[in-house]
Structure formats: C-alpha cells, structure tokens
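To keep things clear, I will list the structure first and then write my remarks on it.
These numbers come from the heavy atoms of this one structure, side chains and all, not from hydrogens, waters or symmetry mates. Just so it is clear, the model here is predicted, and its values are computed rather than measured. Here is how names work: the chains are called A, B, and so on, in the same order as the sequence lines, proteins then strands, and each is numbered from 1.
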Amino acid sequence: MFVLENVSYSYEENVALQGVTVTIERGESVCLLGPNGCGKSTFLRLLCGVIAPDGGTYAFDGWSVTRKSLADNKAAKAFHQRVGFVFQNSDTQLFCADVYEEVAFGPRQMGLGEDEVERRVTDCLRLLGLQDFARRSPYHLSGGEKRKTAIAAMLAMNPDALVLDEPMNGLDPKTERWLAGFLLELHSAGKTLITSTHDLELAQEISRRSILFDGNHTIAADLPTNLLMRDMSLLRRVNLVDRYYHQHRDGGHTHFHTHPLQRESPEISGDISDSEED
Amino acid sequence: MHIPENFLSPATCAVMAVAAVPVLAVAVKKVKDELPREKLPMLGIGAAFSFLMMMFNLPLPGGTTGHAVGGVLIAVLLGPYSACLSVSTALIIQALLFGDGGILSLGANIFNIAFVMPFAGYAVYKLIRDRVKSDKGEFVGAAIGSWFGLNAAALVTAIEFGIQPAIAHDAAGLALYCPYPLSASIPAMMLPHMLVAGVVEALFTVFIFAYIRKASPGDIYAGATKRTPALYILLAVLILAVPLGLLAAGTAWGEWGAEEIAGVVSNGSALGYVPAGMESGFSFETVMPDYTIAALPEVPGYILSALFGVAISVIVFRLIGGLAKNKQKA
Amino acid sequence: MPEWLLQSENYAPRADKDTFLSKSILALLGLISKIRAQDTAAAPTRYAVNPFFKLVFTLTLAVLVSLTREFAFLFAALTYVLLYLCVQPIRTLRRVLATGAAVTAFTFVILLPTALGGNGYSLTMMPVKVFTAVTAVNLLSHTSRWSELLSALKRFRAPDMLVFVLDITIRYIVMLGETTLESLYALKLRSVGRNTRKYNALSGVAGSLFLRSRQMAEDTHSAMLCRGFTGEYRVYQKFSFTLGDAGYILVNAGLILLYIYITRDANAGIG
C-alpha cells in the first residue's frame with residue numbers, strides 16, 4: 001500500500017529523513033518508535049502527503065506521490081480521503097464551530113447526502129463516546145475529548161489507512177487504555193494502522209511490527225515488535241530506554257518499566273551531578 | 001494597501017509620521033488605562049494575530065485570491081486602542097523585517113491602516129450594535145464596520161497618493177512621486193476596495209467574529225464605557241468623504257486587475273492629467289542618457305559604471321551557479 | 001462498528017478550486033523560514049557592522065534616494081546596494097533580489113500609464129528608487145538579527161514598552177504561525193471534495209488562532225509574573241566599534257557627500 005524507497009527530506013538545511021526504505025501492506029499495523037526529533041513526525045507527514053519527498057520515491061497503491069502529483073487536485077483529494085491523519089496537536093486540527101460540524105466536514109465535502117452525513121456523524125460520535133458533545137465548541141473540550149473529536153472527524157471519511165502521530169500524548173491513563181483498545185478494534189475491522197509513540201508497551205500491544213528510527217534520521221530497525229523489544233542494547237543506544245529499563249516475564253505476562261532514581265545508589269547520584277554540570 | 005517607498009514625497013512622509021505620533025501616544029495611554037501593565041503580552045499577541053491574518057489567502061470568484069487586513073476585526077475583538085497598537089506593531093515589523101511597505105512611509109501606513117481603519121470601522125460597528133439590540137446587530141455591525149473601515153483607509157490612502165502631483169513636482173510641473181492626481185487615484189483605489197476587497201474583508205470578519213462569539217463569547221471586547229467625541233468627528237468627516245469618492249468614481253472604469261491600481265492604464269491621461277513634461281517635448285527615450293551623464297564628471301562616472309557592472313555580473317553568476325547546484329541535488 | 005466503516009469507500013472526488021489554501025500555506029512557510037533565517041543570521045564577527053550604524057545609514061539612504069532627482073546619485077546608490085548584495089550568501093541574495101524585483105515590477109506596472117502621457121521621469125526614476133530603497137532595507141533585515149535591530153532601535157531612544165512588544169511579537173508570530181500552518185495542513189488533508197463553505201473553514205482556522213493566542217498571552221503573563229516581572233522591561237547591550245563599522249561608515253559618508261555634491265552641482269546648473 002505504502003512503498004517508500006530511499007526517501008529523504010529536509011527542512012531547509014536540517015535533514016529530517018535520510019535513505020528511508022519501507023513498505024507497508026494493506027491491513028498491517030505498524031508502530032514507529034524513536035527518540036524526539038528522529039524524524040517520526042516527518043515520516044508520517046510524508047505518508048499523508050502533507051509534504052513530498054525531496055529525494056527517493058514514494059508510491060501509494062502505485063500512485064507516485066510527488067510535489068507535482070499532489071498539486072493534481074482530483075488525484076490528491078482521492079489520496080487524502082484514503083489516508084486519514086490525526087496530528088499530534090489536536091488543538092490545531094479542529095476549526096469548525098462545533099463537534100458535529102467538525103465530524104461532518106469530511107463527509108459533506110465528499111458530496112454525501114445529508115442523511116448519510118448524519119448517520120456517519122452519529123455513528124462516529126457514538127464510537128468515540130462523544131454523543132453529549134455534539135453541539136459543544138471543540139475549543140472548550142478537554143485534551144482527551146479534542147483527540148477523540150479529531151479521530152472521529154477522520155473516521156467519518158472512512159479512510160483505508162489511519163495514521164496517528166503520538167495518539168496517546170497527553171491522555172490520562174484511562175482514556176489511553178480505552179483508545180488502545182479502540183485502535184485495535186479498528187485494525188481488526190480491516191483498517192491499516194500506522195502510529196508513532198515513545199511507549200514500548202503500547203507498541204507491543206497494538207502492533208506486530210515496529211520501525212525504529214535512529215537519532216541520525218535513518219531507520220535503525222524494522223522488526224516484529226517482540227523481537228525488537230529483546231534488543232535492549234539497540235533500544236538503549238537510540239535513547240528509547242534508560243539503563244534501568246527491563247521486562248518481567250511471569251506466567252506469560254510481559255511488561256516493561258523503569259525504576260525511580262534512588263538517591264542512595266552511588267552510581268545514580270553520580271549521574272545526577274553529571275546532569276547538573278550540563 | 002501598504003504604501004511602498006517613494007510613492008509619497010519625503011515631506012508627506014514626515015507629516016504623516018508626525019500625525020501618527022499623537023495617535024500612538026493616545027493609544028498607549030488608553031491601553032495602559034484599560035489594560036493593566038502586566039497584560040502587555042496581549043499586545044504582542046494581537047500584533048502577531050494581525051500579522052498572520054494578512055497571510056490568509058481568501059478565495060475570490062474565479063479561482064483567484066485576495067487577503068484581508070483585519071484591522072476592524074481586531075478592534076472589535078480587542079478594542080480600537082489595542083487594535084491600533086497591535087496593527088502598528090505588525091506594520092513596523094513588516095516594514096523593518098520584510099520590506100513590505102516603506103520605512104519612510106511607515107507613518108502614513110500606521111495612520112491609514114492602524115488608525116483610520118480600526119477606529120472608523122469600530123465606530124460604525126458600535127453605532128449599529130448599540131442601536132440594534134439583537135444578535136443581528138453585532139453581525140451586521142461587524143460586516144458594515146469592516147467594509148467601511150477598509151474603505152475609509154483606502155480613501156485616505158488614495159488622497160495621500162492623489163495630492164502628490166500637486167505638492168511635489170519640479171519646475172516643469174512634472175510629478176516627482178506618485179504621478180496620479182486625485183481624479184485618478186481615488187477611483188483607482190476605491191472601486192476595487194468597495195467592490196471586492198471590502199466584501200472579502202467583511203465576509204472574513206463576520207465569519208471569524210461568529211466563530212469566536214460561539215466558541216468563547218467572553219473573549220470579545222465589551223467596549224469602553226465613555227464615549228470619545230473625537231472618534232465621532234473623524235467618523236463624520238469620513239462619512240462625508242466616502243460618497244465623494246463614489247462620485248469621483250462615477251465614470252465607470254478601473255477593475256480588480258493584476259494589481260489594484262493597474263486599472264489606471266486605460267485612463268491615465270484621459271482624466272484630465274496631461275503632464276507638463278509632454279508639452280515641453282519630454283520623451284521616454286531621452287530620459288535615461290540624460291540622467292546618467294548629467295551631473296557626474298567622467299572618471300568617477302566610469303568607475304561607478306564599472307562597479308555597477310561588477311555587482312550585476314557577480315549576482316547573475318551566483319544565481320546561475322545556485323541554479324546549477326540545485327539541479328545537481330535533484 | 002457500523003457497516004459503512006467496514007467497507008472500503010468507493011469515492012471519486014470532484015475537482016475544487018483551492019489555490020487559496022496552497023497560497024496561504026506557502027505564505028506562512030515563507031514567513032516562518034524568513035524569520036528562522038533571520039534568527040540564525042551569522043553571529044557578529046570582528047568585521048561585523050554595528051546594527052545601530054546600519055539602521056541609521058539605511059534610513060539616511062532611504063531619505064536621500066527618496067529626495068534625489070538626479071539619476072547619477074540614484075545610480076551610485078543602486079551600485080552601492082548591488083555591491084553589498086553581491087557578497088551576501090546565495091540564499092540571502094536570492095531572497096532580497098526576489099522581493100526587490102517583485103516590488104519594482106509592481107511599481108513599473110502602476111506607472112506604465114504615465115508613459116503614455118509622456119511622463120518618462122516617473123517611469124524610470126520611481127522603479128529604480130523603489131528597488132534601491134527596498135533592497136537596502138531588506139539587506140538591513142537579512143544581515144542583522146532581530147534582537148540586534150531591536151537594540152539598535154533602543155539606542156534611538158525607542159520606549160522600552162515598544163521594544164518589548166516588538167520582541168515578543170516576533171516570537172509569537174513564529175509560534176502561532178506554526179500552529180496555523182498545522183491547521184491549514186489539517187484543513188487541506190480533510191478537504192477531500194468540494195467545499196462550499198470555504199470562508200467558514202478559513203474563519204475557523206483564524207478564529208481558533210485568536211482564541212489560542214489569547215490563551216498564550218495569559219500564560220505568558222503568568223509565567224512572567226512567576227519570574228518576577230514588574231512591568232519594566234530593560235534592554236541590555238554592549239557597544240563596540242569594529243573595523244567593519246569604520247568601512248561601513250566611510251562608504252555611507254561618501255554616498256552622502258556625493259548626494260550633496262551632485263545636488264549642488266545640478267542646482268548650480270539650473271541656476
């Protein structure tokens with residue numbers, strides 16, 4: 001579905017992606033991992049056609065995505081309908097007067113009848129538990145509700161692929177759990193799912209496959225998630241985990257966590273004084 | 001709407017700058033009274049908002065685009081005095097940092113865009129809002145106010161342009177700065193602003209106003225309790241002036257073309273402006289050589305020409321070199 | 001899961017005119033990258049010219065260019081500006097030239113009708129004047145950091161409040177500009193068909209921009225209070241004189257002298 005070959009992208013002089021070659025098939029669920037500023041967001045923007053590659057090639061279902069092809073009104077619109085994108089900052093993504101209008105924006109553009117639009121909006125609001133917010137202004141919603149509104153607005157267009165940039169960012173634990181479950185449901189309903197996260201546990205939960213970005217804007221690993229999780233030295237090298245990060249395997253249950261820094265440990269107090277010097 | 005450098009004579013620029021100073025001083029004082037000193041960030045925010053507003057390209061019929069100025073909208077949202085300071089700040093940054101609007105004509109631009117526009121527009125908005133008590137009053141007020149504010153500013157700008165040939169010309173009567181008299185500058189400015197730019201401004205203003213009013217009504221400026229008579233005097237003058245502009249535009253010509261004033265092409269001289277230069281047999285071909293050699297002794301003249309040539313060639317070569325490099329990259 | 005969500009959408013979009021979106025996006029991108037470039041302009045070196053002198057002489061040049069009726073002086077000023085331009089980094093060169101060319105072309109088009117009337121003076125002098133002045137100002141802004149320009153303004157005895165507001169405005173323009181860009185991208189991605197309410201959508205972007213701005217102003221205010229801001233804002237700076245300053249002043253003083261010489265000469269000629 002998404003075929004990228006040796007893709008590079010830079011903002012003015014700052015390289016954001018370098019020599020990225022990835023293929024993502026229809027129906028897959030892929031997680032992007034990597035430290036801050038490694039190019040995950042740029043990669044997602046590229047997938048969605050917000051930007052076009054500077055070098056290399058990117059084809060979506062055989063349609064080559066370039067600056068020129070994105071300027072082709074009809075073809076670009078068809079592409080944007082098929083790939084839904086939820087930005088990291090939901091605040092900037094919402095621009096309609098109320099939640100209902102927000103969700104109805106896409107379907108109305110697609111020229112669906114007002115009955116069909118209403119059906120879709122109602123369904124989407126129900127799926128995300130936003131029924132009571134239909135006539136509220138998105139501006140006054142909580143962070144979690146805004147994220148849900150952005151997801152509902154994307155779903156209403158019924159895209160084939162869902163691309164979410166750090167969907168769990170700023171959510172409370174309960175909403176986070178709920179959203180993880182919901183994303184899994186969408187995946188089993190046949191949607192291609194591409195998410196970025198720092199959260200290894202989440203990656204394991206929602207994606208069989210993980211792509212790890214390196215600090216130098218290249219791909220460090222593209223592996224089944226469970227294999228990647230075993231490669232602690234690699235995860236440590238790209239700053240995704242600190243050295244206290246570990247996993248427990250008791251009775252088939254695996255979980256990762258880190259331990260709080262303890263003052264009395266001489267090794268750690270050394271670390272603290274180091275960071276103060278910086 | 002921004003007056004570029006060299007369209008107004010330095011004398012006009014000086015006068016406009018002097019006029020802008022008391023305007024800003026009063027605005028600063030008012031804002032200090034209305035807005036506690038530590039709320040200063042709001043002015044920066046207003047300025048940034050005003051700046052970004054002008055970045056929005058709005059669709060026009062036929063697939064073209066235009067942009068709004070937003071002076072009246074900001075006055076409605078933050079109050080006219082804050083709007084005056086915010087828009088001034090945006091204009092200063094545009095002139096200093098982006099070369100958008102001249103540095104010498106900054107005073108005139110502040111006067112037109114940061115003073116006349118928000119105050120005239122706000123006065124109309126308030127007049128209508130206070131008379132019509134329903135919600136409609138606010139929307140109609142915002143629409144008419146923003147249309148009026150923009151056109152008032154355009155009219156003042158047109159007058160500044162139009163008086164140039166009369167006040168700045170050489171012995172032969174040849175205009176030294178903007179060469180169009182009032183009879184040409186007013187219709188050229190007013191027609192496109194009344195018919196197109198004003199409508200775009202009004203639409204954008206009302207839609208944004210409606211959005212904010214729905215989302216967060218508390219964020220709209222409630223209005224000062226005291227009335228400012230000076231404001232109404234200005235308003236009265238302008239109400240009288242706008243129909244004059246309409247009258248002047250009576251002969252139907254000028255259009256929203258390539259750029260606002262380009263419409264003058266068909267009528268530059270038909271409107272009674274026959275530059276004195278024509279009578280004395282001044283022709284375009286002879287101007288250039290005349291001026292190059294006129295006042296410079298030969299040797300420095302040669303050196304200067306050589307330096308000019310060097311600069312031009314370096315620029316051309318570097319541009320070509322840059323292009324070749326880009327191609328290699330792609 | 002509702003039925004429609006399980007099926008693949010069979011959708012063929014209709015074309016729509018949305019150049020306004022791409023244009024707005026390009027305008028914002030250009031704006032942000034301009035400010036970024038300005039922010040990272042070369043750090044002052046030993047030969048750097050003090051921004052205060054640059055500001056003073058750029059203003060002077062703008063006044064002289066505006067005043068002069070002599071093509072000879074204009075030609076000298078233009079040459080000076082072009083020489084200054086040709087040693088700039090290629091990116092600066094391109095940007096400054098593009099802005100200058102655009103404004104000049106605009107001026108030329110506006111003045112074309114005067115040529116029909118025989119006013120050749122306007123048609124030749126004005127575009128050159130405009131180009132020279134605009135390029136001089138753009139060179140000033142491209143070769144100095146914003147913070148340097150502000151401290152130069154400060155030396156002109158500009159009120160602290162003005163300097164402070166100008167300073168935070170630039171930062172807000174970048175921050176708010178970036179979120180606005182994001183909103184416009186979102187609007188573009190979701191514009192998958194024909195939008196009959198373009199003004200609604202754009203106004204939503206602008207309206208939410210305003211509300212976010214307000215929120216940000218309140219946050220800044222609180223943060224400033226927390227850091228002990230009392231409402232006074234002072235600009236601190238050092239003053240030094242470099243070799244670059246000397247050269248710069250020399251060249252500009254030369255231009256001013258040339259102006260006086262040529263003007264006197266021309267007047268004498270007329271008299």
Tell me yes or no: between the side chains of [X] and [Y], is some donor less than 3.5 Å from an acceptor?
X: Thr175(A); Y: Asp172(A); result: yes
X: Ser8(A); Y: Asp54(A); result: no
X: Ser183(C); Y: Thr92(A); result: no
X: Thr135(C); Y: Tyr84(C); result: no

Which of Asp72(A), Val86(A), Leu94(A), Leu186(A) touches chain C most, by non-hydrogen pairs under 4.5 Å:
Leu186(A)
Find the one option among Glu116(A), Met154(A), Lys191(A) whose heavy-atom pairs under 4.5 Å with chain C are most numerous.
Lys191(A)
Check: Phe87(A) ring centroid to Tyr185(C) ring centroid under 6.0 Å
no
Verify the ring-centre separation between Phe106(C) and Phe108(C): is it less than 6.0 angstrom?
no
Does the pair [X]/[Y] count as a salt bridge with the N-to-O cut at 4.0 Å?
X: Lys54(C); Y: Glu148(C); answer: no
X: Asp219(C); Y: Arg212(C); answer: no
X: Arg45(A); Y: Glu182(C); answer: yes
X: Arg120(A); Y: Glu3(C); answer: no

Side chain, backbone, both or neither: which part of Asn158(A) has a heavy atom under 4.5 Å from chain C?
both
In terms of heavy-atom proximity below 4.5 Å to chain C, should Glu101(A) be classed as side chain, backbone, both, or neither?
side chain
Against chain C, residues from residues 134-149 of chain A with at least one heavy atom under 4.5 Å, in numeric order, are Tyr139(A)
Spell out the residues in residues 75-83 of chain A that have some non-hydrogen atom less than 4.5 Å away from a non-hydrogen atom of chain C, in order of number; otherwise answer 'none'.
Lys77(A), Ala78(A), His80(A), Gln81(A)
[atom1] of [X] to [atom2] of [Y]: how many Å apart, nearest 0.5 Å?
X: Arg26(A); Y: Ile24(A); atom1: CZ; atom2: CD1; answer: 13.0 Å
X: His187(A); Y: Phe182(A); atom1: NE2; atom2: CZ; answer: 14.0 Å
X: Ser203(C); Y: Phe95(A); atom1: OG; atom2: CZ; answer: 11.5 Å

Which one wins on heavy-atom pair count under 4.5 Å against chain A: [options]?
options: Gly207(C), Ala15(C), Ser208(C); result: Ala15(C)
options: Leu6(C), Val205(C), Asn195(C); result: Asn195(C)
options: Asn200(C), Leu187(C), Thr179(C); result: Leu187(C)
options: Ser22(C), Ala206(C), Ala12(C), Ala201(C); result: Ala201(C)
options: Lys188(C), Gln215(C), Arg14(C); result: Arg14(C)

side-chain hydrogen bond (donor to acceptor under 3.5 Å, both in side chains) for Thr192(A) and Asp160(A)? Distances and angles first, verdict last.
CA-CA 6 Å; Thr192(A) 310; Asp160(A) 296 332; over 6 Å; no
